[in-house]
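Worksheet: one structure, shown below.
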Number of protein chains: 2
Amino acid sequence: MKISINADYMLRAVFELAQSKSDKPIPISQIAKSQHIPSKFLEKLFRRLKQYDIVKAIKGKNGGYFLKHKPEEITMHQIIQAAEGQVKIHNCLERSKETTCRNIDNCIFREFWHKFNIHIDEFLKSYTLNDFLTSK
Amino acid sequence: MKISINADYMLRAVFELAQSKSDKPIPISQIAKSQHIPSKFLEKLFRRLKQYDIVKAIKGKNGGYFLKHKPEEITMHQIIQAAEGQVKIHNCLERSKETTCRNIDNCIFREFWHKFNIHIDEFLKSYTLNDFLTSK
DNA sequence: TTAAAACATACTAATTTAGTAGGAATTTGT
DNA sequence: ACAAATTCCTACTAAATTAGTATGTTTTAA
Ligand code: FES
Ligand code: FES
């Protein structure tokens, strides 16, 4: 029940975009360097962030990335979702996955996992990037 | 950020102990069969449950396991902790582990992960085995 | 004394996570 | 026009974790 390193990397990367005062896009190379993340690996993570509508890319020379929305509009939930595909605490909660529980139709624990998941979602949605900016 | 199958197995096994009306210990073989868990694998999990003071073993013929405490005294937190060693959402929160964050002394995210962890702990501590028994 | 149980340890297989390699496509400044 | 810097794309590999087996030993009740 751990956050993946992807989420950690992505959060720090996106935070760096949020901090930027520049009007120019920030290239991956720069973030990779300052956050000590392998550059090629970060590239992949940024493509993910783009898919999930968190950042906007500018291609070509002097290109790079911007946040697509204001920091106060980007929640931790979005970032972790982009990193992990889904925020689901238990296999049963994922669509189209086999469950280990044979008793799925009246499973005693299903509701518990579901509530747990909601609890986590709510927490993650209650934080935005802005909360980290202002705390500096 | 998933619950391991171990936690799932353990929960269902421990629940089966809680349900038992018998005054005799329940052998692993029985639970393995009814829950479709490989028997030898379950053995290992039960040794874990014992270490974490959740069950009590009776050795030898006609032996097996009892819950060590009343169902209302056994929390989900305890069970998941037994399964996963620790309930820590992020590496930084584990004692004696390297963190990916270089900026550890004044890391902006550390507090967030910590709060997240507390939030999860509180939820897991608010459920006991008894909650599942009565909901049947 | 035998059978059924827990206990122990070491190994293996499967899956997931983290990271690399090698480019193609796009854009800008010179 | 062209070189450089960038994103984008796909496939591969390495490392780590998780899940499961194998092969017993020890304990105890009948
Ligand atoms: S259906 Fe998921 S634990 Fe039962
Ligand atoms: S010290 Fe853990 S993310 Fe910074």
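Residue numbers begin at 1 in each chain, while the letters A, B, ... track the order of the sequences. Just so it is clear, the values below take in all heavy atoms, side chains as well, and ignore hydrogens, waters and symmetry mates.
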Protein-nucleotide distance (A/K61, atom NZ; D/dA3, atom C1'), rounded to Å: 7 Å
Comparing A/G64 and B/S39 on DNA chain D - which has the more 5′ nearest nucleotide: A/G64
Polar side chain donor-acceptor pair, A/E16 to A/Q35, under 3.5 angstrom: yes
Contact under 4.0 Å: A/N6 side-chain N or O vs C/dA18 OP1/OP2: yes
Atom-pair distance (CZ on A/R48; P on D/dC9), nearest Å: 14 Å
Shortest side-chain distance from B/S4, nucleotide among D/dA19, C/dG19, D/dT6: D/dA19
Sugar-phosphate, base or nothing in reach of B/G60, heavy atoms under 4.0 Å: base
N/O donor-acceptor pair, side chain B/K40 with base D/dT23, under 3.5 angstrom: yes
Nearest-angstrom distance from the residue atom NZ of B/K56 to C1' of C/dC7: 18 Å
Any N/O donor-acceptor pair, A/K44 side-chain to C/dT20 base, under 3.5 Å: yes
Separation of C/dA6 P from B/N62 CG (nearest whole Å): 11 Å
Phosphate OP1/OP2 of C/dA18: any A/Y9 side-chain N/O under 4.0 Å: no
Distance flag, aromatic centroids of B/F109 and A/F15, threshold under 6.0 Å: yes
Within one Ile-Leu-Val-Met-Phe-Trp-Tyr cluster: A/I118 and A/F112, side-chain cutoff 4.5 Å: no
Spacing between A/I58 atom CD1 and D/dA4 atom C1', to the nearest angstrom: 18 Å
Whole angstrom value for the distance that separates C1' of C/dA8 from CZ of B/R47: 6 Å
Distance-only side-chain donor-acceptor flag, A/N117 / A/H90, under 3.5 Å: no
Phosphate OP1/OP2 of C/dC7: any B/Y65 side-chain N/O under 4.0 Å: yes
Shortest side-chain distance from A/K59, nucleotide among C/dC7, D/dA19, D/dT7: D/dT7
D/dT18 phosphate, OP1 or OP2, under 4.0 Å from B/K2 side-chain N/O: no
Pair A/E111 + A/K115, salt bridge at N-O below 4.0 Å: yes
Whole-Å distance separating the CD atom of B/E43 from the C1' atom of D/dA22: 12 Å
Integer-rounded Å distance: C/dA6 P and B/L49 CG: 13 Å
